[in-house]
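Step one of this worksheet: look at the structure below.
Each residue takes its place number in the sequence, starting with 1. First listed ligand is number 1; within each ligand, the first listed atom is number 1.
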Amino acid sequence: MDYQLDLDWDEFFARYWQKRPVLLKRGFKNFIDPISPDELAGLAMENEVDSRLVSHDQGRWDVKHGPFESYDHLGENNWSILVQAVDHWHEPSARLMRPFRQIPDWRMDDLMISFSVPGGGVGPHLDQYDVFIIQGTGRRRWRVGEKIPMKQHTPHPDLLQVEPFDAIIDEEMEPGDIIYIPPGFPHEGYSLENAINYSVGFRAPSSREMISGFADYVLSRELGGKRYTDADLVKRENSAEIQQHELDGMRSMMQDLIGNPEHFNNWMGEFISQSRHELDVAPPEPPYQPGEVYELLEAGETLQRLGGLRVLRVGDRCYVNGEKIETEHLHAADALSRNMTVTHAMLGDAMEDPSFLALLCALVNNGYWYFNE
Ligand code: SIN
Ligand code: CO
């Protein structure tokens, strides 16, 4: 099913994106949940899936991490199960992220889904990232406060909360309602009845992550071997001092490396096309032969991208899950990056080139794309 989002994106970007929280009443009309509470609870029992159970009782908060073996001990109130990156494990849920592709793919992170019983929630908190919280089944009261400096505390070692705050949005959300919250605005959701919420989360790399990632790239490729030189050295008054022009020289050595567009762009493609969450890769057994891939596509079968797989374009190169797609067929690589479902026609002439077909076959045999049954 294709979800239709009722949103004026130009207005949204101009007024709200990274600026103000906003309630998008009935953003999805006639909303139908892509997943049931039972399916979600089942996912939280899987080893590979990242999940939490947050509960509170008379002001005492508790957090347990999945995988869970049973839910029999849980009462009827005050708990919530939260499952991270459900788009990686459940294709119908992944479709809920598609209407948000007006925001570039590289900024998108994952779909977190929570199921809460009455009184359930994670308490008042801040997030570092933008989020659209979609109300599925059930009603839940969501409050959002102004972005002001706030003290954070940990009522449980795995739970970061803020003090109670005054609300600028206070809404009993109903199915299909959406709240957009930029980073740093405090918010909390308390369920009024059994409720499902979908959080479309974004990512924004910090300088620290990028410097560290770029350093790994430099080391793995043995770049930056050039050494500092000072053929213009003259006598100085203080031997202990590093002079400003020397500091400047060393800083520009570092900046030159980052400033090299070839290295920077290639590193960025590799870095940002890696998912932050585990992928559900299931290589086909037995593997396909390139000829079979050709025939299936020609016969009208389509290739579906694995949920959560990041396929991004930087300049005239495309990257998938941390690696460059090595091909001269930019049009075909571009089709792989733009579309979630790929047809023979989208790949065009590249399909007639054995080297592209071998590459496509390898991607399928990696489990990155699979044939839609
Ligand atoms: C939730 O669904 O309970 C948590 C979503 C959030 O506040 O980020
Ligand atoms: Co939050």
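- Screening the protein for N, O or S atoms under 2.8 Å from the Co ion (ligand 2) yields 3; no waters enter the count.
- Checked for salt-bridge contact, R26 and E174 meet the test: a charged N lies under 4.0 Å from a carboxylate O.
- Listed by chain and residue number, S80, S114, R140, S191 satisfy the side-chain contact (heavy atoms from CB on, under 4.5 Å) test with S116 (two or more places apart in sequence, or in another chain).
- Checked against the 6.0 Å centroid criterion, the rings of Y190 and W142 do not qualify as a close aromatic pair.
- Within 4.0 Å of ligand 1, contacts by protein heavy atoms are made from L82, M112, S114, H125, D127, I133, R140, W142, H187, N197, S199.
- Classification of D105 and R310 as a salt-bridged pair fails, no side-chain N sitting under 4.0 Å from a carboxylate O.
- Remark: aromatic rings of F214 and F271 are distant, center separation not under 6.0 Å.
- For R236, the CZ atom counts as densely surrounded, since its 6.0 Å shell holds more than 12 non-hydrogen atoms of other residues, nucleotides or ligands.
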Quick one: side chains of residues 71-79, donor-acceptor pairs under 3.5 Å with protein atoms, not counting sequence neighbours, listed by atom name and distance.
| from | atom 1 | to | atom 2 | distance (Å) |
| --- | --- | --- | --- | --- |
| Y71 | OH | A41 | O | 2.6 |
| W79 | NE1 | G75 | O | 2.7 |

Verdict with supporting geometry, Q304 and N372, side chain to side chain donor-acceptor pair (under 3.5 Å): CA-CA 6 Å; Q304 180 71 36; N372 263 322; 3.1 Å; yes
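- The backbone N or O of N339 lies less than 3.5 Å from a partner atom in the side chain of R305, making a donor-acceptor pair.
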